[in-house]
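Written below as structure tokens is the structure these notes are about.
The chains referred to below are lettered A, B, ... by the order of the sequence lines, with proteins before strands, and numbering in each begins at 1.
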Amino acid sequence: MISNARILGVLAELAKLIALDEGSSQAFKVRAYENAIHGIEGYPGNVSILTVKEMEAIKGVGGSIATRVKEFVDTGSVKKLDELRAKYPPALVELLKVPGLGPKTLKLIRAELGIETLDDLKAAIDRQALRELPGLGRTTEEKIAKSIERLGLHGKDRRTPIAEAMPIAAGLATELAALPGVEAAIPAGSLRRLAETIGDIDIVVAADDAQQVMQAVATHPAATEIVGSGETKTSILTRSGLQVDVRVVAPSQLGAALLYFTGSKAHNVALRQRAIDRGWLLNEYGLFEGEELLAAADESEIYQRLDLPLLPPSIRENQGEIEAAANGSLPDLVSLDQVKGDLHFHSDQSGDGRSSLEEMVAAAADRGYTYLAITEHGEDLAINGSSREQMLAHRDRIRELNTKYPEMSLLFGCELNIGPQGSLDYDPEFRLLFDWTVASVHSHFDLPAEVQTSRLLKAMADPAVNAIGHLTGRYIGRRPGIELDVDTVLEGLAVSGVALELNGALDRLDASAKVTRGAVAAGVTLVISTDSHHTSDLRRMAYGVANAQRGWAAAADVANTWSTERFLDFTRSRR
DNA sequence: GCCGTTTTCGGCCCGACTGTTTTCAGTCG
């Protein structure tokens, strides 16, 4: 069986090479491939087992593309792709990664100067050959030269983990919001949708005086370079090579601008099509009927005019959310105010905890939680874990502390460590002393997928285990997670009644939105947790909730939105 | 190359910025 990822890889390469062949990434054929890729990304099953006819049922996939996919599945290659590869060697295609160098220009310099590789391009720039070509000039040549210098730092396909980008975006937005005359400054783009990695930071600023904001951005100390600067839009590069685009709009247009700059692009295109169907125009300035403005100030107003409810940024991916919202089949997505407790929570009793038990519990009480599981590491984590004696003493502290918070149920919990063969800390009797446990993988990330899968199945078979924590153990952009058979694991969770944790730490977001959507479909119970080690980590709940939304999870699917009584029943259900 | 409550052909989202040009093409998101 061939994975969807491999098929998507083939289609992405075809799209790229056709763009080069057509001389435009906007060519309709290219967009058709991109639409097909998008459709397959949203397809829940394996595409390789489908017939051509069945593939054509996927949105964006027509006869031609379906036939090529089938050809790849059956023969392992695609004739059209092989032809294009012969026509455009890899070294040439690589040049498309240079910012400012698109397919048209690349075709031109190849035809006129015989440029086939990066070294050819550098040599041509050195002898100032580019500037002699029609449509190019000295400035363009210098711009490309500069882009080549920084290729590793900010190539077009460079992605930044959201955990890295979020604080930069938040800091910058806060500063811009403080400028006189600025009504709002909001990070938009994939960051606002909580994508795992982002290409650049987009900040939308609502202000009447754009000039002042542009000035502030261009002279910002974090800007190592100004990529572009116009009347309403300025782009800078930070030291790490991350690009930040700041766009100023009139406050009365903030909703339309936010909608546009939040994307996703595919979601926007679908919304605009919906506007066109009604004889209207939707752009970043508003929704228009001819000259008449229909809506612009609020996102919700624009959705409403298009006969849709306000869709949260987290699900704006054009993966069926617009159709579902239109026909009323979109789940009632979980929201932050429905969360009643946190179920993965450390104090400094754990070696890696940073705040005291008292501080952590007080922070949870401040958030109005009605239950809270304190889950210190088990003894198998040599450095961070607690012995039996330490755990029992900790239980006494928790029970004692609970008398000060009568409105909250404090659960004596544990984060159990799943060993390489699926073993757990302590012994079966001792494990049953805990009110709540979350079992997680912390080591042996490189085992084969079959071993990891049975490892997890064994752990969830233990009656003391309530949830599986950070499913894959990944750190986005730093460490890939364990490989596993997702369908088998989800089925195991559904059958055993063990919950799947959605870890809200920004560098984890584990289980992923995609896995979450599968879990919801499989009937798995979810819990959204922060894995807090410090009082400042409790805010991660918002990210966990947004990631749950990305997986189309309803409050009913998430155990820590349930009433205290129902939740406590759930903790005892497997014992 | 895909698609359809304007359906089998003729459309296909929309605009900012830049550089090279004198009205627009290319790139990008």
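Proximity note for A:D245 (side chain, C-beta onward) versus B:dT18, B:dG15, B:dG29: the nearest is B:dG29. Side chain of A:K29, nearest nucleotide from B:dG1, B:dG15, B:dG29: B:dG1. Closest approach to the A:E284 side chain among B:dA16, B:dC2, B:dG29 is made by B:dA16 (side chain taken as heavy atoms from C-beta onward). The listed nucleotides are B:dG15, B:dC2, B:dC12; the one nearest the side chain of A:N283 is B:dG15.
Phosphate proximity of B:dG1 to A:R68: present, with a side-chain N or O under 4.0 Å from OP1 or OP2. Distances shown here put a side-chain N or O of A:Y285 below 4.0 Å from the OP1 or OP2 atom of B:dA16. OP1 or OP2 of B:dT20 has at least one side-chain nitrogen or oxygen of A:T140 nearer than 4.0 Å. Between A:T105 and B:dT27 there is a side-chain polar atom (N or O) within less than 4.0 angstrom of OP1 or OP2. At least one side-chain nitrogen or oxygen of A:T139 sits closer than 4.0 Å to the OP1 or OP2 atom of B:dT20. Put simply, A:N35 has no side-chain N or O that comes within less than 4.0 Å of OP1 or OP2 on B:dC2. When the side-chain nitrogen and oxygen atoms of A:K233 are compared with OP1 and OP2 of B:dA16, none of them lie within a distance under 4.0 Å.
No donor-acceptor contact under 3.5 angstrom links the side chains of A:R540 and A:T530, judged on distance only. Side-chain atoms of A:R550 and A:S314 form no donor-acceptor pair, as typed in the model, at a separation below 3.5 Å. Side-chain atoms of A:D510 and A:T472 form a donor-acceptor pair, as typed in the model, at a separation below 3.5 Å.
If you take atom C1' in B:dC2 and the same atom in B:dT8, they sit 12 Å apart, rounded to whole Å. For the P atom pair drawn from B:dT27 and B:dT21, the interatomic distance equals 15 Å after rounding to whole Å. Across B:dG15 and B:dG10, the matching C1' atoms stand 24 Å from one another, rounded to whole Å. Taking atom C1' on both B:dT23 and B:dT18, the two are 15 Å apart, rounded to the nearest angstrom. The P atoms of B:dT20 and B:dA25 are separated by 16 Å, rounded to the nearest whole Å. Nucleotides B:dT6 and B:dC12 place their C1' atoms 15 Å apart, quoted to the nearest Å.
Among the heavy atoms of the strands lying under 4.0 Å from A:Q26 is at least one base atom, whether or not backbone atoms are also near. A:I18 comes within contact range of no nucleotide atom at all, as no heavy-atom separation falls under 4.0 Å. Using a 4.0 Å heavy-atom criterion, one finds that A:V61 contacts the sugar-phosphate atoms exclusively. In this structure, A:K265 reaches the bases: a heavy-atom distance under 4.0 Å links it to at least one base atom across the strands shown. Contacts of A:R138 with the nucleic acid, taken as non-hydrogen atoms under 4.0 Å apart, involve only primed sugar atoms and P, OP1 or OP2. Residue contacts shown for A:G199 are absent, as no nucleic acid heavy atom lies under 4.0 Å away. At the heavy-atom level, A:L136 lies under 4.0 Å from the strands shown only through sugar-phosphate atoms.
Atom NE2 of A:H267 is separated from atom C1' of B:dC14 by 16 Å (rounded to the nearest Å). The CD1 atom of A:I65 sits 8 Å away from the C1' atom of B:dC2 (whole-angstrom rounding). Whole-Å rounding puts the A:L11 CG to B:dG1 P distance at 12 Å. One interatomic measurement links the two molecules: CG of A:N268 to P of B:dC28, which rounds to 19 Å at whole-angstrom precision. To the nearest angstrom, P of B:dC3 lies 15 Å from CG of A:D277. For A:E225 and B:dT18, the CD to C1' distance is 15 Å, given to the nearest whole Å. The distance between atom NZ of A:K146 and atom P of B:dT18, rounded to the nearest whole Å, is 14 Å. One interatomic measurement links the two molecules: OH of A:Y260 to P of B:dG29, which rounds to 11 Å at whole-angstrom precision.
Listed for the A:H470 side chain is no donor-acceptor partner under 3.5 Å among the backbone atoms of A:A511.
Salt-bridge annotation for A:R508 and A:D531: present, with a side-chain N of the basic residue lying under 4.0 Å from a carboxylate O of the acidic one. For A:E299 and A:R316, the salt-bridge test passes: some basic side-chain N is under 4.0 Å from an acidic carboxylate O.
Across the interface with DNA chain B, nearest-nucleotide mapping of A:A32 and A:G23 shows A:A32 to be the residue nearer the 5′ end. DNA chain B is contacted by both A:K143 and A:F261; A:K143 maps to the nucleotide lying nearer its 5′ end (nearest heavy atom per residue).
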> Run the side chain to side chain contact (heavy atoms under 4.5 Å, CB included) check on A:L121 and A:L101 step by step: do they pass?
Replying inline: CA-CA 11 Å; A:L121 179 57; A:L101 186 57; 4.0 Å; yes

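A cation-pi arrangement is present between A:R305 and A:W280, with the terminal nitrogen or guanidinium carbon under 6.0 Å from the aromatic centre and inside a 45° cone about the axis.
When Watson-Crick and G-U wobble pairs are counted only if both distances are under 3.5 Å, B:dG15 pairs with B:dC28.
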